[in-house]
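Working notes for the structure below.
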Amino acid sequence: MSGLPMVVPAPGLPEKVTIYEVGARDGLQNEKALIPTEVKAEFVRRLVAAGLPVVEATSFVHPKWVPQLADAADLMELLGDSGKDLPVLVPNQRGLDRALELGLRHIAVFGSATETFAAKNLNSTLDDQFAMFAPTVERALAAGVDVRAYVSMCFGDPWEGAVPIEQVVTVGQRLLDLGATQLSLGDTIGVGTAGHVTALVEAFGAAGVGVDRLALHFHDTYGQALSNVQAGLRAGITTYDASAGGLGGCPYAVSATGNLATEDLVWLLDGLGIEHGVDLPSLVATSTWMAEHLGRPSPSAVVRALG
Ligand code: HMG
Ligand code: MG
């Protein structure tokens, strides 16, 4: 058994990508049993030590909506100065206040491409979500805080079914117009396929949003995540969200399961000779350690093969 794939580059792909690690936030937010804050801090430290360039740490959402992340402030305090450059999710001004009090420098707002998910996830309408984000983003930028924006349900919605590409582009553009520097396109329930990824990225391009401003965020519910990453690579996208060990799922999205596992993404990138800076054995050891804490094996094929 080999610990690394043979490197065989494919033409026309980016030389380097940024992995945006969401395991400590998207990965853990759906866990029912409360995980001790110290374990979360250790998870974040280990992810950073494994070479992940961006590690989203937690969410400053309403604690009743996501009880698992109610300890967000305690976690960031435990992480101290080293945590100040880690992004956190913030839905509104109350969340921003909490992040600013701790001196955090990167936030992410998260919008919905559909009416139903805006109601379920944000207690808002599609239009009103922008009224919630606008002052949040404006104040964040004025405070020197960088803002990423997510769009959920870009490839399908469990209540509404198909989501028109133009609707996703309109929501994404409105978020970028608020001042977000990067837009992460979320396949919240993992239904997207490769041609759809290509078409969505092209539609953003036609609307004037280049690949340098886009990231892709895949859940692996239907086993399409890596195939979708390849479509993204061919389209020139250089930022991919992934979750260590394939943890994850959104508590407010029916049938959302684990995110694309970071290890599986790393294996693909290694095979293609695409630079990412992550140490695979350290990451596998981290996911194996976390799986022990959670009491179940990691769903990542690469963690199972190497762990
Ligand atoms: P709401 O109940 O409508 O809030 O929730 P509200 O503005 O009416 O306020 C009600 C009370 O909550 C007030 O307190 C507020 O202060 C308090 P009271 O005056 O009654 O004492 N409150 C807060 N407290 C702490 N932190 C806050 C906060 N906001 C209000 N930030 C809200 C609206 C947006 C807050 C709620 O719907 C919420 O927290 N939603 C978050 C849901 C969530 O976290 N979902 C998972 C993340 S999204 C995701 O996973 C998808 C993604 O991965 C991409 C993909 O896969 O597609 C990103
Ligand atoms: Mg997600």
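Just so you know, ligand 1 is whichever comes first in the structure, and atom 1 is the first atom listed for that ligand.
- Aromatic ring pairs are classed by plane angle as parallel below 30°, tilted from 30° to 60° and perpendicular above 60°; the pair Tyr150 and Tyr20 is perpendicular.
- Only one option out of Asp270, Thr262, Thr18 pairs with His276 in a side chain to side chain donor-acceptor pair (under 3.5 Å); it is Asp270.
- Using a 4.5 Å heavy-atom threshold, the side chains of Asp157 and Lys120 count as separate.
- Neither side chain, Asn228 nor His196, offers a donor N or O lying under 3.5 Å from an acceptor on the other.
- Under the 3.5 Å distance criterion, the side-chain polar atoms of Ser287 are left unmatched by any main-chain donor or acceptor of Val284.
- For a distance threshold of 2.8 Å, the protein N, O or S atoms nearer than that to the Mg ion (ligand 2), listed by chain and number, are Asp26 OD2, His217 NE2, His219 NE2.
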List, for ligand 1, each N/O atom that has a protein N/O partner under 3.5 Å away, with both atom names and the distance.
residue  : atom   : partner : partner atom : Å
ligand 1 : 3 (O)  : Asn123  : ND2          : 2.7
ligand 1 : 12 (O) : His62   : NE2          : 3.0
ligand 1 : 26 (N) : Val61   : O            : 3.4
ligand 1 : 26 (N) : Arg98   : NH1          : 2.9
ligand 1 : 29 (N) : Asn92   : ND2          : 2.8
ligand 1 : 31 (N) : Phe60   : O            : 2.9
ligand 1 : 31 (N) : Asn92   : OD1          : 3.1
ligand 1 : 31 (N) : Gly95   : N            : 3.4
ligand 1 : 37 (O) : Asn121  : O            : 3.4
ligand 1 : 39 (O) : His62   : N            : 2.9
ligand 1 : 40 (N) : Asn121  : O            : 3.0
ligand 1 : 45 (N) : Asn121  : OD1          : 2.8
ligand 1 : 50 (O) : Arg25   : NH1          : 3.1
ligand 1 : 50 (O) : Gln29   : NE2          : 2.8
ligand 1 : 53 (O) : Arg25   : NH1          : 3.3
ligand 1 : 53 (O) : Arg25   : NH2          : 3.1
ligand 1 : 53 (O) : Asp26   : OD2          : 3.0
ligand 1 : 53 (O) : His217  : NE2          : 3.3
ligand 1 : 56 (O) : His217  : NE2          : 3.0
ligand 1 : 56 (O) : His219  : NE2          : 3.1
ligand 1 : 57 (O) : Ser152  : OG           : 2.7
ligand 1 : 57 (O) : Thr188  : OG1          : 2.6

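- Using the six-membered ring where Trp is involved, Phe130 and Phe133 have ring planes that are perpendicular, over 60° apart on the 30 and 60° scheme.
- By the 6.0 Å contact criterion, CD on Gln167 is enclosed, its count of non-hydrogen atoms from other residues, nucleotides or ligands being greater than 12.
- The side-chain heavy atoms of Tyr240 and Leu268, taken from C-beta on, include no pair separated by under 4.5 Å.
- Ion pairing between a basic and an acidic side chain is recognised when a charged N comes within 4.0 Å of a carboxylate O; Arg45 and Glu38 show such pairing.
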